[in-house]
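The model shown is predicted, which means the values in this text are computed figures rather than measured ones. Chain A is the first sequence line, chain B the second, and so forth, proteins listed ahead of strands; every chain is numbered from 1.
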Protein chains: 2
Amino acid sequence: MPRVSDEHLAARRQQILDAARVCFSRDGFHATSMQDVIAEAGLSVGAVYRYFKSKQELVMSIAMQVLSSADDVFAEIMSHDPPLPLADAVDRALEFVDRQTEPDGVFRIAIQVWSEALRDPELAAFVRARYTQFRGYYAAIARRAQEVGELPPDADIDAVGAALFGLIPAYALQRILADGPDRKTYAAAVRTLLMR
Amino acid sequence: MPRVSDEHLAARRQQILDAARVCFSRDGFHATSMQDVIAEAGLSVGAVYRYFKSKQELVMSIAMQVLSSADDVFAEIMSHDPPLPLADAVDRALEFVDRQTEPDGVFRIAIQVWSEALRDPELAAFVRARYTQFRGYYAAIARRAQEVGELPPDADIDAVGAALFGLIPAYALQRILADGPDRKTYAAAVRTLLMR
DNA sequence: GTGTCAAGAACGAACATTCGTTTTACACTG
DNA sequence: CAGTGTAAAACGAATGTTCGTTCTTGACAC
């Protein structure tokens with residue numbers, strides 16, 4: 001189909017991305033061949049290579065989609081005024097994690113992205129930027145918690161933000177790899193630790 | 001060289017494992033070819049395949065070494081009587097993490113193991129067992145903290161253990177992928193959160 | 001000689017990617 | 001509104017490389 005609408009092109013591109021996501025989530029970046037993606041998309045080799053010039057570009061695109069998928073959640077958490085108590089702010093993120101640790105969720109791909117970022121500087125830069133941003137959200141929450149007296153005046157806000165943020169991927173990791181406690185139990189534990 | 005001592009055989013095996021570790025840490029499991037390992041070990045194809053019947057077996061062996069490397073640290077933490085305060089127990093583990101997030105440390109490989117475990121049931125079972133055990137250590141620490149009144153009597157000990165344990169890989173992840181705070185800062189933040 | 005160990009050539013499968021060809025949608029012509 | 005040209009889009013066989021693994025061969029200790 002030549003001379004085709006922009007919508008058509010965008011749809012095709014998304015069709016390939018969707019297929020890649022299915023394959024990557026199921027088999028991982030490395031065990032997925034381009035043939036697998038091509039078959040899943042129901043297209044031809046040439047078609048896929050028209051939209052993505054290499055497998056690496058496909059991986060990068062999926063990684064960016066995956067790492068960006070948490071933006072809305074963090075934005076929602078940040079939007080509260082007065083700010084959410086710390087434990088609640090963590091709990092909101094845990095809800096997201098709970099949804100996304102399912103077989104089709106983003107975390108199975110996110111773990112692979114971490115692994116890939118060890119070798120791919122472009123990906124590493126992206127991961128670094130994103131996670132720094134997320135941590136910043138939690139630092140902002142911590143700052144507001146400090147303002148309402150939930151944290152002591154001399155607390156290192158950025159560090160507290162880092163620790164709070166860390167609880168999120170930590171929960172995901174345990175859910176996926178180590179039969180961790182369910183969300184409510186984990187959230188209750190966080191509450192216990194924060195109780196003062 | 002036929003008829004060789006057991007020490008020789010064990011040394012050869014370790015020689016291969018050391019080479020594999022260097023390669024895996026530098027290039028990752030998938031970007032490392034058997035040829036790379038063979039060259040790094042300074043051996044021949046036949047020699048390596050005498051000691052490991054497949055690449056997967058090599059990966060599995062390295063993964064087991066890496067996931068077991070934290071045992072001593074946890075044992076040390078557990079050995080204190082009276083038990084360490086919670087924040088100190090976390091800080092001990094952070095020291096280990098600090099050492100092991102260096103380029104030659106175990107965490108660069110551990111992240112890959114997580115990724116690989118998503119696809120390899122044998123590896124997944126091993127990871128699950130190990131991390132469940134580590135979590136158990138922290139639950140034990142939490143229990144003793146409860147006994148001395150550092151935690152409320154109705155706290156869910158296993159869950160608190162999970163949350164505390166989670167802080168460890170969370171710190172590692174941030175150090176490696178996201179310019180996280182240094183150990184002292186992070187530990188201070190944990191202390192702030194636990195302060196009561 | 002016999003058994004053990006190492007060497008490295010050789011093998012087949014699978015891989016990402018290229019490229020020449022075919023198909024298709026649309027613009028333009030009369 | 002037919003007919004036609006054309007360039008974009010899709011196709012898929014073919015390419016060359018690299019991979020993990022096997023196999024044959026030889027060396028040396030006993």
Could you pull out all donor-acceptor pairs under 3.5 Å where a side-chain atom in residues 23-31 of chain B meets a protein atom, sequence neighbours excluded?
{"unit_1": "B:Ser25", "atom_1": "OG", "unit_2": "B:Pro103", "atom_2": "O", "d": "3.1"}
{"unit_1": "B:His30", "atom_1": "NE2", "unit_2": "B:Glu116", "atom_2": "OE1", "d": "3.1"}

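- Candidate nucleotides D:dG20, D:dA10, C:dA6 were compared by shortest atom distance to the side chain of B:Arg50, and C:dA6 ranks first.
- If you take CD of B:Gln56 and C1' of D:dT21, they are 14 Å apart, rounded to a whole angstrom.
- Along DNA chain C, the nucleotide nearest A:Ser54 and the nucleotide nearest B:Ala47 are compared for position; the residue whose nucleotide lies closer to the 5' end is B:Ala47.
- Counting to the nearest Å, the P atom of C:dA13 and the NZ atom of B:Lys55 are 20 Å from each other.
- From B:Ser79, atom OG reaches atom CG of B:Leu84 across 7.5 Å, with rounding to the nearest 0.5 Å.
- Here A:Lys184 does not pair with A:Asp91 in a salt bridge; the nearest charged N to carboxylate O distance is not below 4.0 Å.
- Atom NZ of B:Lys53 is separated from atom C1' of D:dT21 by 13 Å (rounded to the nearest Å).
- B:Gln146 contributes a side-chain N or O that, together with a main-chain N or O of B:Pro153, makes up a donor-acceptor pair within less than 3.5 Å.
- In this structure, CE in B:Met78 is found 7.5 Å from OH in B:Tyr137, a value given to the nearest 0.5 Å.
- Distance from the side chain of A:Val45 is smallest for C:dT17 among the nucleotides D:dA9, C:dT17, D:dT21.
- The stretch residues 24-44 of chain A comes close to DNA chain D through A:Leu43, A:Ser44, each having a heavy atom under 4.0 Å from the strand.
- Taking atom CZ on A:Arg13 and atom P on D:dA9, their separation rounds to 14 Å, with Å as the unit.
- Among the nucleotides D:dG20, D:dC11, C:dA6, the one closest to any side-chain atom of B:Tyr49 is D:dG20.
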For residues 159-175 of chain A, which side-chain N or O atoms pair as donor and acceptor with protein atoms under 3.5 Å away, sequence neighbours left out?
{"unit_1": "A:Tyr171", "atom_1": "OH", "unit_2": "A:Asp98", "atom_2": "OD1", "d": "2.8"}
{"unit_1": "A:Tyr171", "atom_1": "OH", "unit_2": "A:Arg183", "atom_2": "N", "d": "2.9"}
{"unit_1": "A:Gln174", "atom_1": "OE1", "unit_2": "B:Arg135", "atom_2": "NH1", "d": "3.4"}
{"unit_1": "A:Gln174", "atom_1": "NE2", "unit_2": "B:Ala162", "atom_2": "O", "d": "2.8"}
{"unit_1": "A:Arg175", "atom_1": "NH1", "unit_2": "A:Gly180", "atom_2": "O", "d": "3.1"}
{"unit_1": "A:Arg175", "atom_1": "NH1", "unit_2": "A:Pro181", "atom_2": "O", "d": "3.3"}

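- Spacing between atom CG of B:Leu58 and atom C1' of D:dC19 amounts to 15 Å, rounded to whole angstrom units.
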